[in-house]
Amino acid sequence: MKYLKYSLLLLVGSLVLISCKKELDQQPTDFIAEENAFLTFDHIQLGANGAHGAYGAYLNDLYASALVSDEARLGAGNAGQGALEYRYQFSSDATTGGSVTAAWGAYYYLIDQINRILPNIDLVTARPEQEPRRNIVRAQLLALRAISHFGVLQDYCKNYNATEPLGVPIMTVSDITLKPARNTMGEVMAQIEKDLNDAKALLPAVTVATFTDTTINRINLAAFQARIALYKGDYDNAITYATEVIGSGIKPLVSGANFAGIWTDANVNETLYRVRYQNDAAVGGLFTTIGGVIYIAPSDKLTATYDQATDIRYSAYIGTTSGGDRYVNKYYTSSRGGRIVDLKVCRISEMYLIRAEANAKKASPNLTAAAADLNAVRAARITGYVNETFTTVNDAVTAILNERFKELALEGFRLFDLKRNNLPVSRNASDASPDWQTLPAGNFRFVLPIPQAEMIANPNMVQNDGY
């Protein structure tokens, strides 16, 4: 992937431009000109593979959600890692808010990489057997561009409102000299949906035999469509897309050891999309060191939601040291080594909970259907579970959000679930001091700060309120 490494982050573009002209005219010895970067379809495929790997940018959402919400706490060995973010003392400066600003650059780096590859797909030579892959790779890149724009939108904007002027910049070409303004949220969503629809039209049908969870295909693309529709409040489409994924039968719910094995990479059950880490502790190392020092621990509030005797998620998600300190077991180990686990970006249980929430919230609520999906997830996790029924929308939605808290814990959802439902962060007294125990609903810190480096580089950028 060396031929892609010269790609520059949008947010540091101006730092290059202020260099003297003599320096600009000198190319490094390992520089590869744009016209030579992609000569054959093999280069395009390598670029696409790298783009899938670069969706590890989602790690920033996972970590920010853990630090700012109520699902984690500072661990027994914390020496300042994420502490300012956890205490709501973060700003747009990377020295005080690096964990909440990192997603901006990571997502736009990936978007720029995609925008460098796309124009070359039809220009390079290909072997006859590679010709059908031109459109498949094009579709995968369009989908990754869409979900990357969605990641930035969710992180750095208020709750979805099509007319809200402070969306995020739409980037569909690679040009580091651009200084884009923020598009409206509606414009960004229109581009996201266009990219997803264009991608889906190009992808072939998927079967159990052809499905893979490490690249984009029609099924996991539909899963992202369901996630985005729920965020948008488009409940009918959220149901449609979630049903498409569930109805495929490709990734059914599992229970017991088959579920626990997901988190040690012993299997890929339920996993719709993941980023593979062969020898990298990028995920597990956020929470616990190889030596067992606990930086970020599961919160007492989260831990208390599980019945330790009957809920498989307790032992799968939470571990306890001999000294009684709890740690995140969810990303602790695999056969490849301590803290080396894959990043599970999307799972089938999320689809059940999306469909449940959408059925409860849609114009004509279907509480029977909502309960059925909620019960399906619980029955797969809890031994001896007895189905629950609901008579009010409020009771159903409350139960579903609580189940998302338990099922999707530390997977990058909690902060954004609270935000889109206009709920506060409310931590247990045992998890936080009074000064950072509560983040009131609607507080400006639910919208993360645009990095200061971007503000300096781009005079057309507008910072979010409060920063």
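One-based numbering along the sequence shown. Note that this is a predicted model, so its numbers are computed, not measured.
- Contact check on Asp155 versus Lys419 returns no salt bridge, with no Lys/Arg side-chain nitrogen under 4.0 Å from an Asp/Glu carboxylate oxygen.
- Taking the centre and axis of the six-membered ring of Tyr160, the NZ or CZ atom of Arg420 falls outside the cone set by 45° and 6.0 Å.
- Using a cut-off of 4.0 Å between Lys/Arg side-chain N and Asp/Glu carboxylate O, Lys344 and Asp265 are scored as salt-bridged.
- Sorted by first and then second residue, the ring-ring contact (aromatic ring centres under 6.0 Å, His included) pairs involving residues 446-467 (not counting sequence neighbours) are Phe444-Tyr467.
- Because its NZ or CZ atom is both nearer than 6.0 Å to the ring centre of Tyr332 and within 45° of the ring axis, Arg339 counts as a cation-pi partner of that residue.
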For residues 291-298, dump all side-chain donor-acceptor pairs below 3.5 Å to protein atoms at least two apart in sequence or in another chain.
none

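- For the pair Leu410/Tyr317, no side-chain contact is recorded, criterion being any heavy-atom separation below 4.5 Å from C-beta on.
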**Message:** Walk me through whether Lys251 and Glu270 qualify under salt bridge (Lys or Arg N to Asp or Glu O under 4.0 Å).
**Reply:** CA-CA 5 Å; Lys251 289 286 182 172; Glu270 296 197 6; over 6 Å; no

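- Residues Thr163 and Asn161 bring a donor and an acceptor atom of their side chains to less than 3.5 Å of each other.
- Within the 4.5 Å cutoff, side-chain heavy atoms of Phe41 are placed close to those of Val137.
- In this structure, the side chains of Ser92 and Met455 stay at 4.5 Å or more apart for every pair of heavy atoms.
- Distance check, rounded to the nearest 0.5 Å: CD1 of Ile170 to CE of Met189 gives 11.0 Å.
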**Message:** The test is side-chain hydrogen bond (donor to acceptor under 3.5 Å, both in side chains); show your working for Gln130 and Asp42 and say whether it passes.
**Reply:** CA-CA 9 Å; Gln130 292 177 320; Asp42 289 329; 2.8 Å; yes

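- For the pair Glu403 and Arg313, the salt-bridge criterion is met [side-chain N within less than 4.0 Å of a carboxylate O].
- Side-chain atoms of Thr96 and Ser91 include a donor-acceptor pair closer than 3.5 Å.
- A donor and an acceptor atom, one from each side chain of Arg182 and Asn464, are located under 3.5 Å apart.
- Between the side chains of Asp61 and Tyr107, a donor-acceptor pair is found at a separation under 3.5 Å.
- A heavy-atom distance below 4.5 Å is not found between the side chains of Arg427 and Asp300.
- When the side-chain contact (heavy atoms from CB on, under 4.5 Å) test is applied to Ser335, no partner is found at least two apart in sequence or on another chain.
- Not one N or O on the side chain of Arg276 forms a donor-acceptor pair closer than 3.5 Å with the backbone of Val341.
- Within a 6.0 Å radius of NZ in Lys361, more than 12 heavy atoms belonging to other residues, nucleotides or ligands are found.
- In summary, the side chains of Glu193 and Asn197 do not present any donor paired with an acceptor at a separation below 3.5 Å, with no hydrogens or angles considered.
- Ring centroid separation for the pair Phe287 and Tyr327 does not come in under the 6.0 Å cut-off.
- Between Val206 and Ser248, the closest side-chain pair of non-hydrogen atoms is not below 4.5 Å.
- Side chains of Asp93 and Thr95: a donor on one and an acceptor on the other come within 3.5 Å.
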